[in-house]
Amino acid sequence: MNASFITFEGIDGAGKSTHLPDVAHRLRAGGAEVLVTREPGGTPLAEQLRSLLLGTVMDPLTEALLVFAGRRDHVQQVIAPALAQGRTVLCDRFTDASVAYQGGGRGLSLDVLNALENWVHPGLQPDLTFWFDLPAEVAAQRRLGARAPDRFEQLDTEFFSRVRAAYAQRAHDAPQRFVRIDASAPVTDVRRQIQQALEARGW
Ligand code: TYD
């Protein structure tokens, strides 16, 4: 099995965090050496930036600069070395989330985000991105009562509808790596959709 970089994306409440451990388990059972990580975060420095990001009010460009600073550290310290060692990296969110949240949600220019992407991880893109897609209203319902909301999770349905639309555009622009998962379906059905996508790619 070749080294692969697999990312999990979607609006808050889409259920990606339920399914990521499942995929890790499945790939390990198939013999892959799997590293599970997340963004914002994944290194001590990036985890510190994550706390700032999720707890402090700031403007969209500051937000993007912090997310990409953490990403730079994460790619250099963790993701690139793991891929070089032939491991499969499963990452809970990556640059698609910046385009969706800071771009779609916050309205930051895509030119800025594309420039940051090219600066921070030139030549590195996920091989496969599971996009857990569902209407913002359904996700909001799921988040209710789940736990205390962070700064992003407190935002309204309109914000998450914009984030969702930005994911849709990103998926449209890179159809070879994006797999849209109907995340409004029951958990067993979502699991089946993921399994089918992995099998279709020879996993
Ligand atoms: P999330 O994966 O939802 O963490 P958790 O499951 O622990 O709540 O990520 C935290 C938040 O960070 C989420 O609301 C989206 C936001 N985020 C951005 O705004 N930009 C980014 O580039 C990334 C990676 C995340």
Side-chain angles (χ1 to χ4, degrees), residues 5-24 36-43 45-75 77-79 89-110 112-121 124-126 129-134 136 138-140 142-167 169-171 178 181 183 190:
F5 182 24
I6 305 178
T7 57
F8 295 72
E9 297 283 359
I11 60 176
D12 291 272
K16 65 186 169 46
S17 306
T18 305
H19 294 282
L20 195 155
D22 243 40
V23 174
V36 174
T37 187
R38 71 167 181 185
E39 290 207 348
T43 67
L45 170 60
E47 290 290 334
Q48 287 190 37
L49 294 176
R50 176 190 177 95
S51 314
L52 289 173
L53 254 150
L54 298 188
T56 320
V57 176
M58 60 188 81
D59 93 300
L61 178 57
T62 308
E63 228 170 71
L65 292 170
L66 287 184
V67 167
F68 273 99
R71 183 162 297 134
R72 175 73 180 176
D73 194 51
H74 190 208
V75 167
Q77 305 290 335
V78 175
I79 296 176
V89 176
L90 304 188
C91 193
D92 190 339
R93 299 193 185 281
F94 194 61
T95 295
D96 297 319
S98 308
V99 174
Y101 281 78
Q102 280 66 52
R106 294 266 189 236
L108 187 63
S109 131
L110 284 183
V112 170
L113 289 161
N114 290 337
L116 287 169
E117 180 174 15
N118 288 330
W119 271 78
V120 167
H121 54 93
L124 176 72
Q125 284 294 333
T129 297
F130 286 113
W131 169 37
F132 292 79
D133 182 38
L134 81 178
V138 180
R142 285 193 186 169
R143 289 198 304 274
L144 269 185
R147 60 182 167 186
D150 65 35
R151 198 166 65 83
F152 287 98
E153 290 164 348
Q154 290 164 3
L155 291 161
D156 57 16
T157 307
E158 270 173 38
F159 174 86
F160 284 107
S161 295
R162 293 197 301 277
V163 174
R164 183 190 187 197
Y167 272 127
Q169 182 62 49
R170 192 89 169 152
F178 267 90
I181 300 292
V190 170

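Counting convention: from 1, in listed order, for ligands and their atoms alike. In this text, all values refer to a predicted model and were calculated from it rather than measured experimentally.
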Where the side chain of R143 meets the backbone of D12, is there a donor-acceptor pair that is under 3.5 Å apart?
->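 Checking the backbone N and O of D12 against the side chain of R143, a donor-acceptor pair under 3.5 Å is found.
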Give a yes-or-no answer on whether the side chains of Y167 and R162 include a donor-acceptor pair shorter than 3.5 Å.
->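 Distance-only check fails for Y167 and R162.
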Lys/Arg N to Asp/Glu carboxylate O, K16 vs E9, below 4.0 Å |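 So K16 does not pair with E9 through a salt bridge.
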Is the shortest distance from a Lys or Arg side-chain nitrogen in E117 or R71 to a carboxylate oxygen in the other one below 4.0 Å?
->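 Result for this pair is no, no salt bridge flagged.
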Compile the protein residues with any heavy atom at a distance under 4.0 Å from an atom of ligand 1; present them by chain, then by number.
->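 Shell around ligand 1 (4.0 Å, heavy atoms): D12, K16, S17, E39, P40, R50, L54, V67, R71, D92, R93, A97, S98, Y101, Q102, R147, D150, F152, E153.
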F130 and F8 aromatic ring geometry - parallel, tilted or perpendicular at 30°/60° bounds |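 Tilted, since the angle between the ring planes falls between 30° and 60°.
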Go through the structure and list residues passing ring pair (Phe, Tyr, Trp, His ring centres under 6.0 Å) with F160, not counting sequence neighbours.
->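 Not a single residue meets the ring pair (Phe, Tyr, Trp, His ring centres under 6.0 Å) criterion with F160.
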